[in-house]
Number of protein chains: 2
Amino acid sequence: MSAGHRQGRRMTTIYDVARMAEVSTSTVSRVLNGHSSVDPDLAARVRQAMLDLDYRPNAVARSLRRQRTSLWAVIISDIGNPFFTSLVRGIEDVAQEAGFSVVLCNGDEDPDKETRYVTAALAERMAGVIISPSGRPSLINRLTETGMPVVAIDRQPRGVAVDTVLVDNVHGAEMATAHLVDSGYRRIACITGPRRISTAVQRLRGYQQALRAAGRTVTEDLVRYADFREDGGYRAMASLLDAAEPPDAVFVTNNLMTVGAVECLLDSEVVVPTQCGVVGFDDIPWAHLVRPSLSTVTQPTYDLGRAAASLLTERITNPAKASSTVTLRTALQVRESSVRAVGPPDAQPADGGPGAAPTRSPGVEDTCPAITARRHRTGAPAPRARRASRP
Amino acid sequence: MSAGHRQGRRMTTIYDVARMAEVSTSTVSRVLNGHSSVDPDLAARVRQAMLDLDYRPNAVARSLRRQRTSLWAVIISDIGNPFFTSLVRGIEDVAQEAGFSVVLCNGDEDPDKETRYVTAALAERMAGVIISPSGRPSLINRLTETGMPVVAIDRQPRGVAVDTVLVDNVHGAEMATAHLVDSGYRRIACITGPRRISTAVQRLRGYQQALRAAGRTVTEDLVRYADFREDGGYRAMASLLDAAEPPDAVFVTNNLMTVGAVECLLDSEVVVPTQCGVVGFDDIPWAHLVRPSLSTVTQPTYDLGRAAASLLTERITNPAKASSTVTLRTALQVRESSVRAVGPPDAQPADGGPGAAPTRSPGVEDTCPAITARRHRTGAPAPRARRASRP
DNA sequence: CTGTTAGCGCTTTCAA
DNA sequence: TTGAAAGCGCTAACAG
């Protein structure tokens, strides 16, 4: 009840503006929306009145009338995962050009939370949704069924026709695993995510394929399924170390679990990379600060965001078009954690140079040349300064 | 124009439900809002009709009619700063209890972006705003002037009466600096943020006070003002090292700049903590993974979020109440980067135990006993396991 | 307890 | 080019 008198005074409306400018509300509305067919004099009077009255348009009323809003909901699976930082920037940059505002919803790898935000996006009649689904395909269905424009990002929803932006997970995992093989590791383990999540499955598959290609035996003994979080990675690594024959290298399929795995190795006094090599999937910020610095499969996160946003704008303007999947390339970034031989890892081409991705998968659409992927803020500090001061 | 026929079919409304259930729209509305005064039979019929028609309430229409929404905007200054991760969780948990949904807006330390989101929050008539202002006090004014419930977080807006949640910045900085003094460092520098931001000023003041209390001379030569970002920290550190008399320790007033400063030290081959001690303000995730692990002043981020959300709910229910400021305690977390003597840093009480904060400032309101501050996910993995495996 | 009815603030035909 | 008027879907008096 107390909420009723929340905003003491009534907000000023286009009626107030119309009265002051001595025009009709339609004219005010036309000025507001930049319709050209308004007499310059009237338009000026209207604008002045808006200023005088400190008029603030009511987007709620507008949305109700127009049956659409100018808000996108971006439902991410874990706000704590740095993966989403530049992804969101990519989305925002495109959204702004297209006249949309972006609001983030933190799904937190929690199906209930995710459901709540999907419900909210639906109820608020948002203009579109970009979602990194943490499971439950029915959620995506709930969105698409109502005609809500949706783009799935990072993870492939099962059995739903929806625009999707992914990276070449299998190929990235192959590169990582092949690199460990090449570095001379013998028993290479894999810590992957929940079976219901496509990235977990695909990255595991890449690992297995690379092993097979190298003539190694592929065994489930060296595979652990965790939860894509730090704890999970820690425990999975602990479990691997407890095994009868522990691995001498591990490929971890996401950034947070990689951190957990390395912590476990540190705590167990297993020396990286000598006693155990490590390659992670997806960078962490400050990967080069960590000792030993972490080798990772890097993703063009900013461009993932841009690609998703582009798909969403297309979907909004043309709801009938067939849904499509965009796949971007990953690159292997070799740092210290996967190189046994003492010496600078710089010898290996990094940053997705031509040598880093020799086996580009067929059908991969390259919307993002590596050169643009790196142009944007990625959390790496002043590279000139760093390189300059390095002998 | 194409957007007009976006959602092919018209959405079902309470009229459709009313017709099917053979009641009036008011009854449907009452059922929807859980008003108790509805005949159970009718209510059941209504609910069944809603199910049959797959009815989705239109929050836009409801908001327009009720003159308020159930959305909070949380405008954070940098989505890439891990500081905000558990802060947001704290906000969300309280918001949910109070029946609000939280949307995040990424101000990105960019006044234009921040302005856009404030405008959006105003236009969308959000129920409230929690903001970590990156400057411009006028922005907060724009919010409060319209009667929008607002809580400022982390940073004290200048000259505006608004509910605020802070930490004891001066005290935290004093602890950090005093600790460096005690560790035997002689020339202790400070890298702080922009002068317009309260935290930068207060943490610098704490540094100066501690120096003075220790009988050291306080000189501007050892102070650098950067931008609270990683690059800034890197460059400020480089500038300190270039000075005629470089420092042998540095207190850095935020997490991102600490990372930058350490990178600079690494690149310059200055050994931490032997040649240069480092203490940062605010933790980074994986601070213990970084070699040397970083000593930091830790903030109860989750509880900061909870406190802000509580203030906001109070403000919403009672717009007339006087605005207040809640200050939470920080704690010094000593790790390797600030301890010259070789040996385990564990000797020092960590985690804000009673010994860590002996000089608690007067007037500090302790809404968050340290024990609750740690109960929640802070990104630290399975502590039991870690401690168990450490000798 | 239930229904009728009048808007919330805005956009958009339709007529002038 | 401008204005009058009809709603968008919902809630909340007010009557019954």
Side-chain angles (χ1 to χ4, degrees), chain A residues 1-7 9-46 49-50 53-70 122-125 127 146, chain B residues 1 3-7 9-46 49-50 53 55-70 122-125 127 146:
Chain A
M1 53 186 69
S2 55
H5 44 90
R6 200 198 84 197
Q7 333 237 76
R9 51 213 166 285
R10 215 183 93 280
M11 301 240 96
T12 72
T13 71
I14 53 169
Y15 283 90
D16 306 317
V17 176
R19 196 177 317 118
M20 173 168 260
E22 295 181 296
V23 296
S24 73
T25 57
S26 344
T27 301
V28 177
S29 172
R30 286 192 265 257
V31 171
L32 207 53
N33 292 285
H35 294 198
S36 49
S37 62
V38 180
D39 182 276
D41 285 353
L42 286 195
R45 249 157 61 200
V46 168
M50 284 177 176
L53 294 169
D54 193 33
Y55 167 74
R56 309 267 168 209
N58 184 329
V60 179
R62 161 186 290 201
S63 300
L64 177 59
R65 175 60 230 238
R66 295 224 279 219
Q67 298 286 71
R68 65 203 141 97
T69 66
S70 57
L122 243 21
E124 300 289 344
R125 302 297 193 264
T146 63
Chain B
M1 54 182 65
H5 43 92
R6 199 197 85 199
Q7 333 238 75
R9 51 213 168 284
R10 214 182 92 281
M11 302 240 93
T12 72
T13 72
I14 55 169
Y15 283 90
D16 305 318
V17 175
R19 195 177 319 117
M20 172 168 260
E22 296 179 298
V23 296
S24 74
T25 57
S26 353
T27 300
V28 177
S29 173
R30 284 191 267 257
V31 171
L32 207 51
N33 293 284
H35 293 199
S36 48
S37 61
V38 180
D39 181 278
D41 284 353
L42 287 195
R45 248 159 59 200
V46 168
M50 285 178 175
L53 295 169
Y55 167 74
R56 309 267 166 208
N58 184 329
V60 178
R62 162 187 290 203
S63 298
L64 178 59
R65 176 60 231 235
R66 296 224 282 216
Q67 300 285 69
R68 65 203 140 96
T69 67
S70 58
L122 242 21
E124 299 290 342
R125 300 296 193 267
T146 63

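Naming convention: chains lettered A, B, ... in sequence-line order (proteins, then strands); numbering from 1 in each chain.
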Asks: Check whether any side-chain heavy atom of A:Ser63 sits under 4.5 Å from a side-chain heavy atom of A:Val60, and report yes or no.
Replies: no

Asks: Rounded to whole Å, please give me the gap between CD in B:Glu22 and P in C:dG3.
Replies: 10 Å

Asks: Is any side-chain heavy atom of A:Thr13 closer than 4.5 Å to one of A:Asn58?
Replies: no

Asks: With heavy atoms under 4.0 Å as the rule, sort A:Val38 into base, sugar-phosphate or nothing.
Replies: sugar-phosphate

Asks: In whole Å, what is the span from the CZ atom of B:Arg68 to the P atom of D:dT11?
Replies: 10 Å

Asks: Applying a 4.0 Å non-hydrogen cut-off, can you work out what B:Val23 is touching in the nucleic acid: base, sugar-phosphate, or nothing?
Replies: sugar-phosphate

Asks: Between the main-chain N or O of B:Ala21 and the side-chain N or O of B:Arg45, is there a donor-acceptor pair closer than 3.5 Å?
Replies: yes

Asks: For B:Thr69 and B:Arg125, indicate whether the former's side chain and the latter's backbone hold a donor-acceptor pair under 3.5 Å.
Replies: yes

Asks: Would you indicate, yes or no, if D:dG9 has its OP1 or OP2 atom less than 4.0 angstrom from a side-chain nitrogen or oxygen of B:Thr13?
Replies: no

Asks: Nearest whole Å is fine: how far is D:dA12 P from B:Arg30 CZ?
Replies: 10 Å

Asks: Any N or O donor-acceptor pair under 3.5 Å from the base of C:dC10 to the side chain of A:Tyr15?
Replies: yes

Asks: When you measure from the side-chain N and O atoms of B:Gln67 to the phosphate of C:dG9, is any distance below 4.0 Å, counting only OP1 and OP2?
Replies: yes

Asks: Rounding to an integer number of Å, can you tell me how far A:His35 NE2 sits from C:dT13 C1'?
Replies: 13 Å

Asks: Please figure out whether B:Arg66 or A:Arg66 has its closest DNA chain D nucleotide nearer the 5' end.
Replies: A:Arg66

Asks: Are B:Tyr55 and D:dC10 close enough that a side-chain N or O sits under 4.0 Å from OP1 or OP2?
Replies: yes

Asks: Are any of A:Thr27's side-chain N or O atoms less than 4.0 Å away from OP1 or OP2 of D:dG3?
Replies: yes

Asks: Is it the case that the side chain of B:Asp39 and the backbone of B:Asp41 share a donor-acceptor pair, with hydrogens and angles ignored and the cut-off at 3.5 Å?
Replies: yes

Asks: List in numerical order all residues of residues 56-65 of chain B for which some heavy atom is under 4.0 Å away from an atom belonging to DNA chain D.
Replies: B:Pro57, B:Asn58, B:Ala61, B:Arg62, B:Arg65

Asks: Rounding to a whole Å, what distance do you find between A:Glu124:CD and D:dG9:P?
Replies: 15 Å

Asks: Without decimals, in angstroms, what is the distance between A:Leu32 CG and C:dG9 P?
Replies: 15 Å

Asks: Can a side chain N or O of B:Ser24 be found less than 4.0 Å away from OP1 or OP2 on C:dG3?
Replies: yes

Asks: Specify the separation, in whole Å, of atom CD1 of B:Ile14 and atom P of C:dG3.
Replies: 12 Å

Asks: Any donor-acceptor pair under 3.5 Å linking the side chain of B:Ser29 with the backbone of B:Thr25?
Replies: no

Asks: Is B:Met20 close to B:Thr12 at the side-chain level, that is, under 4.5 Å between some pair of heavy atoms?
Replies: no

Asks: Nearest whole Å is fine: how far is C:dG9 C1' from A:Met11 CE?
Replies: 12 Å

Asks: Starting from the 5' end of DNA chain C, give me the residue, A:Asn33 or B:Ser26, whose nearest nucleotide shows up first.
Replies: B:Ser26

Asks: Does some side-chain heavy atom of A:Leu42 sit less than 4.5 Å from a side-chain heavy atom of A:Arg30?
Replies: no

Asks: Measure distances between side-chain N and O atoms of A:Arg125 and base N and O atoms of D:dG9, and say whether any donor-acceptor pair falls under 3.5 Å.
Replies: no

